[in-house]
Amino acid sequence: MTISDLEGIQILQDEELKSNWSETLYKQELLDFNTIAFVLILDDQLVGFVLGKMLVDSSDLYQIVISKNAQGKGLGTLLLQAYWDEVIKRGGNASILEVNSKHKEVIAFYTKFGFKQLYIRRHYYGRNRDAIIMKKEGDVC
């Protein structure tokens, strides 16, 4: 991921994640040496990205997004594998993430990749909207 990708990142983020990340926040992350960020381009169109940060020997996975029209083709797995490979390359052996408990298909995706539930943050996203904290450890998928 580079600064030139940010317009497409922001569009994809607005359409799929609907989070409060701004272009400025993405820029700040890209300027941080500890950031791990990849984009996925198909037919000259940005269809996905992954973003996280190394923290000594583990990482925090912030976002992984695949556009609706590109989902179901294994592209999320491709991005997550690239992210995990970079974590290992940088000397990491674990990654932590949070996911909305209502997103069952996303939880299943992470579980298939080896993430395990650590705990639940009740009402993290608002009333009756919990966050599940998950962690993956080890050097293989």
Side-chain angles (χ1 to χ4, degrees), residues 1-121 123-141:
M1 183 186 296
T2 66
I3 297 292
S4 65
D5 296 316
L6 291 181
E7 183 178 342
I9 295 292
Q10 194 67 53
I11 291 168
L12 192 56
Q13 186 271 147
D14 290 345
E15 290 174 355
E16 304 300 336
L17 285 181
K18 298 172 179 59
S19 75
N20 58 358
W21 278 60
S22 66
E23 189 171 322
T24 301
L25 185 52
Y26 284 111
K27 275 183 189 174
Q28 289 172 339
E29 288 300 325
L30 286 177
L31 295 173
D32 186 329
F33 175 74
N34 295 310
T35 295
I36 298 173
F38 296 104
V39 294
L40 184 58
I41 309 288
L42 290 177
D43 299 324
D44 295 324
Q45 184 173 3
L46 193 149
V47 297
F49 69 92
V50 62
L51 176 72
K53 184 171 286 189
M54 284 300 297
L55 304 167
V56 186
D57 64 350
S58 68
S59 76
D60 280 353
L61 178 59
Y62 296 151
Q63 298 177 329
I64 183 167
V65 182
I66 299 292
S67 67
K68 287 259 190 275
N69 62 350
Q71 291 178 8
K73 301 175 183 175
L75 300 176
T77 300
L78 183 70
L79 271 177
L80 190 53
Q81 185 65 57
Y83 178 86
W84 182 251
D85 289 347
E86 186 65 19
V87 168
I88 299 301
K89 179 179 168 185
R90 293 187 188 195
N93 63 6
S95 189
I96 294 177
L97 60 85
E98 71 182 45
V99 60
N100 189 319
S101 62
K102 294 183 187 263
H103 296 157
K104 303 297 184 200
E105 69 285 348
V106 177
I107 295 166
F109 169 73
Y110 289 130
T111 300
K112 183 178 176 184
F113 200 80
F115 283 86
K116 295 182 181 0
Q117 180 177 319
L118 289 179
Y119 56 92
I120 296 174
R121 289 182 178 154
H123 311 294
Y124 183 77
Y125 297 113
R127 185 169 171 81
N128 296 320
R129 294 175 49 216
D130 302 333
I132 296 178
I133 309 307
M134 301 180 81
K135 183 176 185 180
K136 176 179 175 46
E137 293 183 280
D139 60 359
V140 295
C141 294

Is any side-chain heavy atom of [X] closer than 4.5 Å to a side-chain heavy atom of [Y]?
X: Leu30; Y: Leu6; answer: yes
X: Leu80; Y: Trp84; answer: no
X: Leu78; Y: Gln81; answer: no
X: Met1; Y: Thr35; answer: no
X: Gln10; Y: Glu7; answer: no

Minimum heavy-atom distance [X]-[Y], with the two atoms named:
X: Asn20; Y: Gln13; value: N-OE1, 4.1 Å
X: Arg90; Y: Phe33; value: NH1-O, 3.2 Å
X: Tyr125; Y: Arg129; value: O-NH1, 2.6 Å

Apply side chain to side chain contact (heavy atoms under 4.5 Å, CB included) to the pair Leu25 and Gln28, showing each step before the final yes or no.
-> CA-CA 5 Å; Leu25 185 52; Gln28 289 172 339; 3.7 Å; yes
Would you list the atom pairs, donor with acceptor, under 3.5 Å between side chains in residues 101-115 and any protein atom, with sequence neighbours excluded?
{"residue": "Ser101", "atom": "OG", "partner": "Asp130", "partner atom": "O", "Å": "3.3"}
{"residue": "Lys104", "atom": "NZ", "partner": "Ser101", "partner atom": "O", "Å": "3.0"}
{"residue": "Thr111", "atom": "OG1", "partner": "Ile107", "partner atom": "O", "Å": "2.8"}

Tell me, please, which residues at least two apart from Asn100 pass side-chain hydrogen bond (donor to acceptor under 3.5 Å, both in side chains).
-> none
Who pairs with Thr2 by side-chain hydrogen bond (donor to acceptor under 3.5 Å, both in side chains), at least two apart in sequence or on another chain?
->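 Applying side-chain hydrogen bond (donor to acceptor under 3.5 Å, both in side chains) to Thr2 gives Ser4, Asp5.
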Quick one: pull up [atom1] in [X] and [atom2] in [Y] and give me the separation to the nearest 0.5 Å.
X: Lys116; Y: Met134; atom1: NZ; atom2: CE; answer: 9.0 Å
X: Leu51; Y: Leu79; atom1: CG; atom2: CG; answer: 11.5 Å
X: Ile66; Y: Leu12; atom1: CD1; atom2: CG; answer: 8.0 Å

Less than 3.5 Å apart, which donor and acceptor atoms pair up between the side chains of residues 53-65 and the rest of the protein, not counting sequence neighbours?
{"residue": "Lys53", "atom": "NZ", "partner": "Glu29", "partner atom": "OE1", "Å": "3.1"}
{"residue": "Lys53", "atom": "NZ", "partner": "Asp32", "partner atom": "OD2", "Å": "2.9"}
{"residue": "Ser59", "atom": "OG", "partner": "Tyr83", "partner atom": "OH", "Å": "2.9"}
{"residue": "Ser59", "atom": "OG", "partner": "Ser95", "partner atom": "OG", "Å": "2.7"}
{"residue": "Gln63", "atom": "OE1", "partner": "Tyr26", "partner atom": "OH", "Å": "2.7"}
{"residue": "Gln63", "atom": "NE2", "partner": "Tyr26", "partner atom": "OH", "Å": "3.3"}

Which pairs of donor and acceptor atoms, one on a side chain in residues 37-49, lie under 3.5 Å apart (sequence neighbours left out)?
none

Can you list every pair that meets salt bridge (charged side-chain N to carboxylate O under 4.0 Å, His left out) and has a residue in residues 64-83, with sequence neighbours left out?
-> Glu16-Lys68
